[in-house]
Protein chains: 2
Amino acid sequence: MSDPVIRLLLADDQALVRGALAALLNLERDLEVVAEVGSGDEVLPAVLEHRPDVALLDVEMPGMDGIAATALVRAKAPGTRVLIVTTFGRPGFLRRALQAGAHGFVVKDTPAAELADAVRKVHRGLRVVDPQLATDSLVAGESPLTPRETEVLRAARDGSTVAAISKRLFLSEGTVRNHLSAAIGKTGATTRAEAVLTAEGNGWL
Amino acid sequence: MSDPVIRLLLADDQALVRGALAALLNLERDLEVVAEVGSGDEVLPAVLEHRPDVALLDVEMPGMDGIAATALVRAKAPGTRVLIVTTFGRPGFLRRALQAGAHGFVVKDTPAAELADAVRKVHRGLRVVDPQLATDSLVAGESPLTPRETEVLRAARDGSTVAAISKRLFLSEGTVRNHLSAAIGKTGATTRAEAVLTAEGNGWL
DNA sequence: CAGCCGCCCTGACAGATGTCATGGCACCGA
DNA sequence: TCGGTGCCATGACATCTGTCAGGGCGGCTG
C-alpha cells in the first residue's frame, strides 16, 4: 500500500450536491476530498495541481462534459482514476464513458453507502458499473445514427423548423427533411420530437 | 426555545444525493435527520410518524411531486415547516411552492455551507428564497395558458401527433390544433416543440 | 337584462413536414 | 477494374400542422 488515504477530486455543477458528497465521503476514514470544481473545464487543471487518486465526475456540466473531461484526464494524468457519477442512466453515456477510459460508472440512484465502496474499488483498479445499466446499454447498443443525422437531429432539439435548420447547417431543406426522416425511422418514432426524445434517452445526442 | 435540536425529514428521489445531504446536515450540531424518503407519496406518512421540525423536499420526484406534498404537509401537519430544495430554478415552481405553503425555496446551485442556515431560518419562521429566482419569477409571471391549453400542451410533450392527442383527450383534431396554436402564440414560439420547451422552462406544465 | 369578455369547440385553408425515388461520391473487397 | 455498400444530397408528393374566422356557453358588470 502506498498511501493509506485515497485523495479525491469532485466535479459537479450543483454546488449543494458537490458539498454534500464531500461531506459524505469525508466521513470515511480512508477518503479525503482534496479538490472540488463546478465545471468540466476546471477538471484537468485541478487534477494536474492536486494529483488526486480518484476523480468523481458528473456527466452534465457547463463547459466540457464529464466524458470529454474523462478522456483528457486519462491522457494527461494517467495516475488519476475516473469514476463517473451521474444523474441520468443513459445507456449511451456508459458506453462512451468506458470508451473514454472511465474506470467506474455510478448513477445517483444508488444508495449512499455504496459510493465509498465504489471509490475504493476504482482505486484498487477494479471496474465498477451499475449492472442494470450495463444490460440496458447492451440492449440499446451503439447509436444507429450517422454523423449527419445526429447533427441534424441535434439541431432540431430546440423545436426549430426545417428552414432554420437548413440555414444553420448550409443544407437544402429537402436534405434536412431526409436526414430527419431517417432518424425518425431508426429511432422507431413517428415524429421529429419523439425521435429527439428517444435519441436523448439513449444518449445518442 | 423548545428543543435545541432541529429534527429534519429529507425527500429526494436520488438516493445518493439524499444520503449525501443527510451527511452534510448531520455534521451540524443543532441539526438531525430523523427520516429519509425517496418519493412524494411517502412524505406525509413519514411526517406524521416522525413529526420533524423541517421537511426538505425535492420538486421532481416519482409519485406525488414536492409541491403537492408541500400542500399536504401544511394541511395535515402544520407544525412541520417546508423547505423546497430543487434542481431546477423554474420560475413557476417558486410561485407554486409558495402558494402551496412552502417556507423556503433553495436551488441546488447554492453553496453547501448555506443550506444549514436556510434550514435554521426556516425553522425560526423566516422565509428563505433565492433572490435571483425571485426576480425571475416576477419576470416570467404566472402561466398565461388556460387549463385546456396546458393540458393539450402537456399531452404534446412526448411528440405525439395531433390525432393521438385528440383521441387521448376526446377532442376534435381542430380543437387540439387550435389550443396548440394559442399556446404557441402565448409562449412566443413558432413551433409546438418550442412552445413545450419554453413552457417547461417557466414551470407552466 | 343586455352587453361584454374569456374560454372552449370546430371546420377550412395555406404552409410546413415526412416519405420516397433518384443520383453522386468515397471506400472496400473480389 | 468493377460491382457493392454506405453516407450524403436533392426535388416531388401526400400528409400533417398552424392559423383564422366563426359559433356556443357561462360569468361579470353597468
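Each chain gets a letter, A, B and so on, in the order its sequence line appears, and its residues count up from 1. Just so you know, these numbers use all the heavy atoms, side chains as well, and skip hydrogens, waters and symmetry mates.
- Remark: C1' of D/dG18 and CG of B/Leu153 are 14 Å apart, rounded to the nearest angstrom.
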Got a list of protein N/O to nucleotides 5-9 of chain C N/O distances below 3.5 Å?
from: C/dC8; atom 1: OP1; to: B/Arg148; atom 2: N; distance (Å): 3.2
from: C/dC8; atom 1: OP2; to: B/Thr146; atom 2: OG1; distance (Å): 2.4
from: C/dC9; atom 1: OP1; to: B/Arg148; atom 2: NE; distance (Å): 3.4
from: C/dC9; atom 1: OP1; to: B/Arg148; atom 2: NH2; distance (Å): 3.0
from: C/dC9; atom 1: OP2; to: B/Arg148; atom 2: NE; distance (Å): 2.8
from: C/dC9; atom 1: OP2; to: B/His179; atom 2: NE2; distance (Å): 3.2
from: C/dC9; atom 1: N4; to: B/Asn178; atom 2: ND2; distance (Å): 2.8

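- Of the options A/Leu56, A/Leu31, A/Thr110, a side-chain contact (heavy atoms from CB on, under 4.5 Å) to A/Leu115 is made by A/Leu56 and by none of the others.
- When atom types are taken as modelled, the side chain of B/Asn26 and the backbone of B/Ala22 share a donor-acceptor pair closer than 3.5 angstrom.
- Within the 4.5 Å cutoff, the side chain of A/Leu16 has heavy atoms near those of the B/Leu21 side chain.
- In this entry the distance linking CD of B/Glu173 with C1' of D/dG18 reads 13 Å, nearest Å.
- Here C/dA16 presents its P atom at 15 Å from CD of B/Glu194, a figure rounded to the nearest Å.
- One interatomic measurement links the two molecules: CD1 of A/Ile184 to P of C/dC20, which rounds to 11 Å at whole-angstrom precision.
- At whole-Å resolution of the value, CD1 in A/Ile165 and C1' in D/dA9 are 16 Å apart.
- For B/Arg90 and B/Phe88, the positive end sits near the middle of the six-membered ring, less than 6.0 Å away and at most 45° from its axis.
- For the pair B/Thr70 and B/Leu72, the minimum side-chain heavy-atom distance is 4.5 Å or more.
- Across the protein-nucleic acid pair, A/Glu151 atom CD and D/dC8 atom C1' stand 12 Å apart, rounded to whole Å.
- The shortest side-chain heavy-atom distance between A/Asp158 and B/Glu194 does not fall under the 4.5 Å cut-off.
- B/Thr161 comes within 4.0 angstrom of the backbone, heavy atoms only, and of no base.
- Straight-line distance from the CZ atom of A/Arg177 to the C1' atom of D/dC16: 13 Å, rounded to whole Å.
- A side chain to side chain donor-acceptor pair (under 3.5 Å) with A/Glu149 is found for one member of A/Lys186, A/Arg154, A/His179 and no other, namely A/Lys186.
- In this structure, the helix from C/dC1-D/dG30 to C/dA30-D/dT1 shows an angle of 20° between the axis at its start and the axis at its end, each fitted on 5 base pairs and rounded to 10°.
- Distance NE2/B/His103 to CZ/B/Arg124: 14.0 Å, rounded to 0.5 Å.
- Here the side chains of B/Met61 and B/Ser39 are not in contact, with every heavy-atom distance at 4.5 Å or above.
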